[in-house]
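Everything numeric here is computed off the predicted structure, so don't read it as measured data. Throughout, protein chains are lettered first and strands after them, A, B, ... in sequence-line order, and every chain is numbered starting at 1.
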Number of protein chains: 2
Amino acid sequence: MGTGIDLPLDQVMVGDCLDMLRQLPPASVHAIFADPPYNLQLKGSLVRPEGGRVDGVDDAWDRFDSFPAYDAFTRAWLTECRRVLRKDGTIWVIGAYHNVFRLGTALQDLGYWILNDVVWRKSNPMPNFRGRRFTNAHETMIWASRGPESRYKFNYAAMKSLNDDVQMRSDWLIPLCTGAERLRDEDGKKVHPTQKPEALLHRVILSCTSPGEVVLDPFMGSGTTAAVAKRLGRRFIGIERDETYAAAAQARIDAITPMPESAALSLPAKREQPRVPFGTLVERGLVPAGSRLVDRHRRWKAEVGADGTLRCGKAVGSIHKVGAAVQEAPSCNGWLFWHVEHPNGSLRLLDELRAEIAGS
Amino acid sequence: MGTGIDLPLDQVMVGDCLDMLRQLPPASVHAIFADPPYNLQLKGSLVRPEGGRVDGVDDAWDRFDSFPAYDAFTRAWLTECRRVLRKDGTIWVIGAYHNVFRLGTALQDLGYWILNDVVWRKSNPMPNFRGRRFTNAHETMIWASRGPESRYKFNYAAMKSLNDDVQMRSDWLIPLCTGAERLRDEDGKKVHPTQKPEALLHRVILSCTSPGEVVLDPFMGSGTTAAVAKRLGRRFIGIERDETYAAAAQARIDAITPMPESAALSLPAKREQPRVPFGTLVERGLVPAGSRLVDRHRRWKAEVGADGTLRCGKAVGSIHKVGAAVQEAPSCNGWLFWHVEHPNGSLRLLDELRAEIAGS
DNA sequence: CGTCACAGTGAATCTAAAG
DNA sequence: GCTTTAGATTCACTGTGAC
């Protein structure tokens, strides 16, 4: 990694988010997950139909006097995060309708480039007791790169695998953090009011980091980000102001055993696999020089040159160039266009032949 | 109603949104649905894997010079809308991640009170062709009252009955506007690039208005809001700058017959089939990454990857692919082949685990 | 008339490595 | 930095035409 010299890796920094962020070197973390205070502005307490009181979020850290005050706070920590984020890093920010629009606006104004907004659909949300609104059944995460030209990382194949081999969508159905996963104190009271489910962080961290990379959480709370990062073989930096939360998180993290690296590595995408030039197939006699390639419908035939070029009428060049030329298309992936014709008449795609010799 | 004296009811006002809004009397409409330009900021063109080109939104009306320019425009029309909205009225605003955070921030800054953000989940979105992001499968609507103390209308019972007698949630699954509903010209070209589905407006209008009340759409486009309002026995006011759009909308509206009020409450609720990808079991810790699966006879063991892939010797891939590979069979249903082994030695079929979490 | 194969399409901020 | 080239990449649904 090369930049990790001064990084307090795999630690919880106890202190103010801004103070701690300022101690980190620039361009040093691969990903950030931030679950900032929600600015909920609840008035009075909410009472359930049967009389019980709803244990809502009314902690002091969650109250701001005004939108400008909240915006100033938001811009301050997002500015520091952008400094700390590597050029190719990405940030995730989660919020609900009370604050997420301020977060998104601030991200854009500070130069971040939004890649997706991702909806966490809660399978078991709290109902709306008064029947005055729709059940508030989701929260929104914003995924952004450092800027519009960033070459950010996205583990497309891993996300596709997670979703039964179809593209992962921007709406994720995941249950709330309940049961054994929810941290509770001796009295059975929940340690943190907004503990996020590990399944959510599993998908987030898997989507945009590789094993060994560094994930920063500037509002660590109960430590879900750090716990999942450790389990997935990533490094983490957690920042938490509240000492009770920090201690609970530390104990939780200590109990985690990382999974074997073979499990943490996701299936490499095709574009990350070693390349086999077409000329190699010619050299090895799989596609002999002088033989002919055809497209799927046998509309075009092309002759293979000893140097790995194709010829089809006037078109001469790589399998891609000639494929594009005969179709009069702007571009073409020759591997998926040209076929070898067997004497028995069956066709084999070049891409299949390539797969056979990859790794040999 | 009492305020309708000067209202141009059930008409399309052709002209600039701000000019037309200023002609309307204050506190005169019960609900507003606004689908403003998204400021998509598309650069070059996008080519599909098979070679086709995406017909993107490149209309002049969607181009703004900067975020401040877009914000100024947004604040101007939202200010006029607030003046025109009755005290007990509500507004819906729809957008995507490009603009919706600006919209929400402006709403809050102008004194509106957000009641819900509602996610329109598209059942058939366009995929992400380059595999560089999550499929952009939703848009966001913000529902807000005129201010924090508003006595707004919410037809809770109607929403509940629309949803099989459980509270309507904040995430709605509705298909894109395609097929016969999509307005097309003589050449078969779509009349408007972003026509909204009637099912979406059906739910919106039904949720917050009564028959006879007035719905305003300041960016009417192809007229979906007006068409649904008329069908549901509501009055409408449409504003549209583009004469072609306005004419198409007028023709569409003229062809509508209002439905009897009793019928307004029946909407085929699309049941969701609970499809659970194997990766979900991994994320949720039911089948931990790094653990092993075995077949019924314990002849093969496979390691579970964090991305939901299996590894068994050289075979890597989905539970189905690896199941087929080890058996040297053409195909295999991994759900019925692989088992989790308990510490006590008993086996549980994956399909049983899946059944447990289906729908949660 | 049914079935199947194939083409078309939808608010899209859509590449990465080598030279 | 730049330009050039290789080559990776799609889901759900609708409509049409062949058989």
- To the nearest angstrom, the CG-C1' distance between B:N124 and D:dT14 comes to 10 Å
- OP1, OP2 of D:dA6 versus side-chain N and O of A:H320: anything below 4.0 Å? no
- Query: What is the glycosidic conformation of C:dT13: syn, defined as within 90° of 0, or anti?
  - Reply: syn
- When you match B:N128 and B:W120 each to their closest nucleotide on DNA chain C, which lands nearer the 5' end? B:W120
- Task: Could you tell me whether B:D65 atom CG has more than 12 heavy atoms of other residues or ligands within 6.0 Å of it?
- Result: no
- Item | Evaluation steps, side chain to side chain donor-acceptor pair (under 3.5 Å), between A:D164 and B:H320 | CA-CA 10 Å; A:D164 271 1; B:H320 314 296; 5.0 Å; no
- Item | Residues A:W143, A:F33; criterion ring-ring contact (aromatic ring centres under 6.0 Å, His included); working and verdict | CA-CA 9 Å; A:W143 181 45; A:F33 182 86; over 10 Å; no
- Message: Please report the interatomic distance CG(A:N155) to OG(A:S210), rounded to the nearest 0.5 Å.
- Response: 5.5 Å
- Query: DNA chain D: B:A180 or B:P49, which has the more 5' nearest nucleotide?
  - Reply: B:P49
- Task: Under 4.0 Å between any heavy atoms, over every strand shown, what does A:P277 touch: base, sugar-phosphate, or nothing? Just pick one.
- Result: nothing
- Contacting residues from residues 35-45 of chain B, given that a heavy atom lies under 4.0 angstrom of DNA chain D: none
- Counting any heavy atom closer than 4.0 Å, what does B:R133 reach on the DNA or RNA strands: base, sugar-phosphate only, or nothing? base
- Message: Could you check whether any side-chain N or O of A:N163 sits under 3.5 Å from a backbone N or O of A:V166, counting only pairs where one atom can act as donor and the other as acceptor?
- Response: yes
- Is the NZ or CZ atom of B:R63 positioned over B:Y70's six-membered ring, under 6.0 angstrom from the centre and within 45° of the axis? no
- Message: Under 4.0 Å, counting only non-hydrogen atoms across every strand here, what does A:V166 touch: a base, just sugar-phosphate, or nothing?
- Response: sugar-phosphate
- Query: Would one find a side-chain N or O of A:R354 under 4.0 angstrom from OP1 or OP2 of D:dA8?
  - Reply: yes
- Task: Could you tell me whether B:R53 contacts a base, only the sugar-phosphate backbone, or nothing, with contacts defined as non-hydrogen atoms closer than 4.0 Å?
- Result: nothing
- Nucleotide D:dT14, atom C1' - distance to CG of B:L183 in whole Å: 17 Å
- Message: Can you check the distance between C:dA11 and C:dA7, where both ends of the measurement are the P atom (answer in whole Å)?
- Response: 23 Å
- May I ask you to verify if any side-chain N or O of A:K160 is less than 4.0 angstrom from the OP1 or OP2 atom of D:dT9? no
- Distance, C1' atom - from C:dA12 to D:dT9, rounded to whole angstrom: 14 Å
- Can you give the first and last nucleotides of DNA chain C, 5' to 3', that have an atom under 4.0 Å from a heavy atom of chain B? C:dT9 to C:dA16
- Spacing of the C1' atoms in C:dC1 and D:dA18 (rounded, Å): 14 Å
- Task: Nearest whole angstrom, please: distance from the C1' of D:dC11 to the CE of A:M168.
- Result: 15 Å
- Message: For the backbone of A:I205 and the side chain of A:T209, can you confirm whether one donor and one acceptor N or O come within less than 3.5 Å of each other?
- Response: yes
- Task: Take atom CG of A:L349 and atom C1' of D:dG7, then tell me their distance rounded to the nearest Å.
- Result: 13 Å
- Task: For D:dT10 and C:dC6, measure between their C1' atoms and round to the nearest Å.
- Result: 16 Å
- Value in whole Å for how far the C1' atom of D:dG7 lies from CG of A:D351: 10 Å
- Task: Quickly work out the A:Y156 OH to D:dG7 P distance and round it to whole Å.
- Result: 19 Å
- Indicate whether any N or O donor in one side chain lies under 3.5 Å from an N or O acceptor in the other, for B:W61 and B:Y245. yes
- Item | Any B:T178 side-chain N or O less than 4.0 Å from OP1/OP2 of D:dC13 | no
- Hey, mind stepping through B:Y38 and B:E139 against side chain to side chain donor-acceptor pair (under 3.5 Å) and telling me if it holds? CA-CA 11 Å; B:Y38 281 16; B:E139 294 185 25; 2.4 Å; yes
- Task: Quick one: label B:N136 by what it contacts on the DNA or RNA (base, sugar-phosphate, nothing), any heavy atom closer than 4.0 Å.
- Result: sugar-phosphate
- Item | Aromatic A:F101 / basic B:R102 pairing, under 6.0 angstrom, 45° off normal | no
- Task: Grab the CZ-C1' distance between B:R182 and D:dG15 for me, whole Å please.
- Result: 16 Å
- Mind checking B:G179 for me? I need base, sugar-phosphate or nothing, with any heavy atom below 4.0 Å counting as a touch. sugar-phosphate
- Message: At 4.0 Å (heavy atoms only), tell me whether A:L115 reaches a base, stays on the sugar-phosphate, or touches nothing.
- Response: nothing
- Query: Under the 3.5 angstrom rule, does the side chain of A:E283 hit a backbone N or O of A:F278 as a donor-acceptor pair?
  - Reply: no
- Message: Please classify the nucleic acid contact of A:R169 as base, sugar-phosphate, or nothing, using heavy-atom distances under 4.0 Å.
- Response: nothing
- Message: Whether the B:R252 and B:T224 side chains hold a donor-acceptor pair (N or O, under 3.5 Å, no angle test) is what I'd like checked.
- Response: yes
- Message: Regarding A:S331, tell me which of base, sugar-phosphate or nothing describes its non-hydrogen contacts under 4.0 Å with the strands shown.
- Response: base
- How would you label the contact of B:R48 with the nucleic acid (heavy atoms, under 4.0 Å): base, sugar-phosphate, or nothing? base
- Round to a whole Å and report the spacing from CG of A:N163 to P of D:dC11. 9 Å
- Item | Whole-angstrom distance between C:dT13 and D:dA8, as gauged at atom P | 23 Å
- Stems formed with participation of DNA chain C [Watson-Crick or G-U wobble, under 3.5 Å, three or more pairs]: C:2-10 with D:11-19, C:15-19 with D:2-6
- Query: With a cut-off of under 6.0 Å to the ring centre and 45° to the axis, is B:K43 in cation-pi contact with A:W113?
  - Reply: yes
- Is NZ or CZ of A:R203 both nearer than 6.0 Å to the six-membered ring centre of A:W172 and within 45° of the ring axis? yes
